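Structure record follows, encoded as structure tokens.
Note that the structure is predicted; figures quoted are calculated from it, not measured. First the proteins, then the strands, lettered A, B, ... as listed; each starts at 1.
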Number of protein chains: 2
Amino acid sequence: MVTLAEVAQHAGVSASTVSYVLSGKRSISTTTRHRVEQSIRELGYHPNAGARALASSKSNIIALMIPLRTDMYVPVMMEIAIAVATAARTHGYDVLLLTGEEGPDAVRRVTGSGLADAMILMDVELDDERLPFLRGTDQPSVLIGLPADTSGLTCVDLDFRATGALCVEHLAMLGHRDIAVIGEAPAVYERHTGFAERTLDGLRTRAQELGVRLLHRPCEGGYDAMAVTLARILDERPSTTGFVVQNESAVEPLLALLRQQGRAIPEDVSVVAICPDQVAVQASVRLTSVAIPAQEMGRHAVERLVAKLDGRGSDEVVLISPELMVRASTGPAPAAS
Amino acid sequence: MVTLAEVAQHAGVSASTVSYVLSGKRSISTTTRHRVEQSIRELGYHPNAGARALASSKSNIIALMIPLRTDMYVPVMMEIAIAVATAARTHGYDVLLLTGEEGPDAVRRVTGSGLADAMILMDVELDDERLPFLRGTDQPSVLIGLPADTSGLTCVDLDFRATGALCVEHLAMLGHRDIAVIGEAPAVYERHTGFAERTLDGLRTRAQELGVRLLHRPCEGGYDAMAVTLARILDERPSTTGFVVQNESAVEPLLALLRQQGRAIPEDVSVVAICPDQVAVQASVRLTSVAIPAQEMGRHAVERLVAKLDGRGSDEVVLISPELMVRASTGPAPAAS
DNA sequence: AGTCCCTGTCGAAGCGCTTCGACAACCTAT
DNA sequence: ATAGGTTGTCGAAGCGCTTCGACAGGGACT
């Protein structure tokens, strides 16, 4: 393993000079710089991460805490994770992957050991148990998701309340008066995941404002669960003509079931999905949808974090505005029969 | 930040003693140990990762290189990543997330800087450009996937050849004589991803042995692509009654299309999928499938790697035996009309 | 009583890097 | 010609930990 000292010797300069060439924190003559760079290349030198971290108390690592459960939005999570890793690299950071398993302990461990300089938390619950510790430390952090109390925190998220409102608006505008919401699995609501509740709030509020009737039903993904849920909904409100689907894995089953019952999309019923664009265009009907901008969220989170690490930027909540893309799954409500 | 020295002082022992309590590398009297542990708890001490890495030349970090592209098996990748992270933690390792973006350079960077003690590579191509370097270094590594030449490497993968064979066998046993294979997207074959080619090989070989006719067509995921592909297949071989689907995102579209054409599953046509169990049971028909054991692969990879790091274990190829689970999507071939 | 061997503890030497103060060497402005 | 600034380089201290050799004290032997 090549060390700084060896490079210095090879280039005929002192170790500190090499260090300054690397960091650029002091001016170095062009000749010397070139000579050092040459030696680095020839010897194939890579600075030792541990020594660096020890001497500078900076690890150049960002910890990313992803949820352990895979009961929702797996592709979204993955996409965010990749976006975070990619964005972090462009700023010279590597990403440490933590699963939610250890919970608050992981946060303490990583902070305490100086393993990472900062962290990004995903799947934040409204009253997340990791938050008190995060507020109490000066380790920079960014949440992807929105807890109930955001004071002293930086958060990045899609504006799910606006997303809900947007979906209702779109359907209402098309004349739908009875809208059913296929929500996330009950477990998601039970642990008070912010985005699910906010979406619902947005849906309800706007529905009320527009005088539209709304029926919300949580639903596990999959065909069978969707079949049961749909039957109940149509039983309770046969006049339903608009659907908003939040649970990605319920989308395709819903479409199949509706078709099977002889309800044409979008002639008889309209469906709006909240899902990644890729899902929306790959479905059996090109879905009118509000996209979940995973990439953008990941990138934003890293940028906020790097800003904090550089002493720029402060606590703030970044809500990304939802955009509704009209495709082939929504249309005017059928004339009342 | 609490240091070893502070703990030592608080406990009234020397720093080395605290270190030995932590590592257990020398015997320590029960009294002293308890006193030290008490101090550690009281002061909330966490060993500094950088210092540790520097002094011991071990980072206790495993690098995990995941593919950047998201054109296939996203949930599988995610599940593996989570399994790796979880398994690594139980062995005292953390996981560094690398995207394939940097390619071989990332391997060199991480190895050279001592950032990680070992690495796990996913999405290995048959003739992967990262392999030469991996062979040339003494950094332990495990591949998830199987390259063409496995000499000097440790690999973990599902036995995709056997998987292919198993699918054909099952259909042949049920009397199907004409089988169509819905493969991965063309791009996957173009970059010579091992698993896709091996599966195909397994399918073809067994088909020949059993005297069954096989038609293989790559297919992008999604509804429209599947529709085109299916039309071509049925045009070319109208007598097709068995399908093997490898591309996860083609499964549901295929089912929908078949139904739409009035072909009943499993009365008229049988479908075998190669996909995670979760997908198989959530589909609109409970699918007969060979599961991709993501968790198991991740766990295995970590265990092999830890064995190497402990000086146990050597290069070897672990092929997980496929298991075909019969569900509701396959049945006897219809009598020839 | 003396020898030998454990067991438990300590001190000190690094690990490879960053960073601070020092200081030649040179340039510019008096 | 001299004082005052720059600029480029160096030496040394130290980051917090691991680990090696040393050694005191106490049993178990001869």
Side-chain angles (χ1 to χ4, degrees), chain A residues 1-37 39-40 43-61 92 94 109-117 309, chain B residues 1-37 39-40 43-61 92 94 109-117 309:
Chain A
M1 180 174 221
V2 192
T3 69
L4 227 214
E6 292 174 305
V7 174
Q9 192 175 14
H10 185 271
V13 298
S14 78
S16 45
T17 302
V18 177
S19 178
Y20 286 124
V21 168
L22 251 29
S23 68
K25 292 194 177 170
R26 282 201 185 175
S27 54
I28 296 285
S29 69
T30 329
T31 7
T32 307
R33 187 189 356 272
H34 285 338
R35 201 139 37 84
V36 170
E37 281 165 354
S39 296
I40 289 179
L43 301 180
Y45 168 71
H46 285 274
N48 180 68
R52 226 173 207 191
L54 178 55
S56 66
S57 357
K58 298 189 30 196
S59 62
N60 283 303
I61 289 182
D94 273 297
R109 186 171 63 84
V110 169
T111 304
S113 67
L115 230 188
D117 295 332
L309 286 166
Chain B
M1 180 169 223
V2 191
T3 69
L4 229 214
E6 292 174 304
V7 174
Q9 192 175 14
H10 185 273
V13 297
S14 77
S16 47
T17 301
V18 177
S19 177
Y20 285 123
V21 167
L22 251 28
S23 70
K25 291 193 178 171
R26 283 201 182 172
S27 55
I28 296 285
S29 69
T30 328
T31 6
T32 308
R33 191 195 343 278
H34 285 338
R35 202 138 39 84
V36 170
E37 283 166 352
S39 296
I40 289 178
L43 301 181
Y45 169 71
H46 285 273
N48 179 71
R52 225 173 208 192
L54 178 56
S56 64
S57 3
K58 298 189 31 195
S59 62
N60 284 304
I61 289 183
D94 273 297
R109 186 171 62 85
V110 169
T111 305
S113 67
L115 230 188
D117 296 332
L309 286 167

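Here B:Ser29 lies in heavy-atom contact (under 4.0 Å) with sugar-phosphate atoms only. Residue contacts shown for B:Thr3 are limited to sugar-phosphate atoms, with no base heavy atom under 4.0 Å away. Nucleic acid contact for B:Thr32: sugar-phosphate only, since backbone atoms but no base atoms lie under 4.0 Å from a heavy atom of the residue. Base contact: A:Ser16 has a heavy atom under 4.0 Å from a base atom.
For A:Ser27, no side-chain nitrogen or oxygen approaches OP1 or OP2 of D:dT7 to under 4.0 Å. Contact annotation: B:Ser14 side-chain N/O to C:dT9 OP1/OP2 distance is not under 4.0 Å. In this structure, A:Thr17 does not reach the D:dT9 phosphate: none of its side-chain N or O atoms is under 4.0 Å from OP1 or OP2.
The side chain of A:Pro47 lies closest to C:dC17 when the candidates are D:dC17, C:dT9, C:dC17. Closest to the side chain of B:Lys25, from the set C:dC17, D:dT19, C:dC10, is D:dT19. In the set C:dC10, D:dC17, C:dA22, D:dC17 carries the atom at the smallest distance from any side-chain atom of B:Tyr45.
Residues A:Val2 and A:His10 fail the side-chain proximity criterion, which asks for heavy atoms closer than 4.5 Å. In this structure, the side chains of B:Val110 and B:Ile61 stay at 4.5 Å or more apart for every pair of heavy atoms. For the pair B:Val21/B:Val13, no side-chain contact is recorded, criterion being any heavy-atom separation below 4.5 Å from C-beta on. With a 4.5 Å cut-off on side-chain heavy atoms, A:Leu22 and A:Ile40 count as touching.
Rounded to an integer number of Å, the gap from B:Arg26 CZ to D:dC20 P is 7 Å. If you measure from atom OH of B:Tyr20 to atom C1' of D:dG16, you get 15 Å, rounded to the nearest angstrom. Whole-Å rounding puts the B:Asn60 CG to D:dT18 P distance at 10 Å. Per the geometry, NZ belonging to A:Lys58 stands 11 Å off P belonging to C:dT18, to the nearest Å. When the P atom of D:dC15 is taken as reference, atom CG of A:Leu54 falls 9 Å away, rounded to whole Å. For the pair B:Leu4 CG and D:dC15 C1', the computed distance is 13 Å after rounding to whole Å. Between A:Asn48 atom CG and C:dC15 atom P there is a gap of 12 Å when expressed in whole angstrom units. Rounded to a whole Å, the CG atom of A:Leu22 is 7 Å from the P atom of C:dT18.
Contact record, A:Thr3 with A:Tyr45: C-CE1, 3.6 Å, taken as the closest heavy-atom pair.
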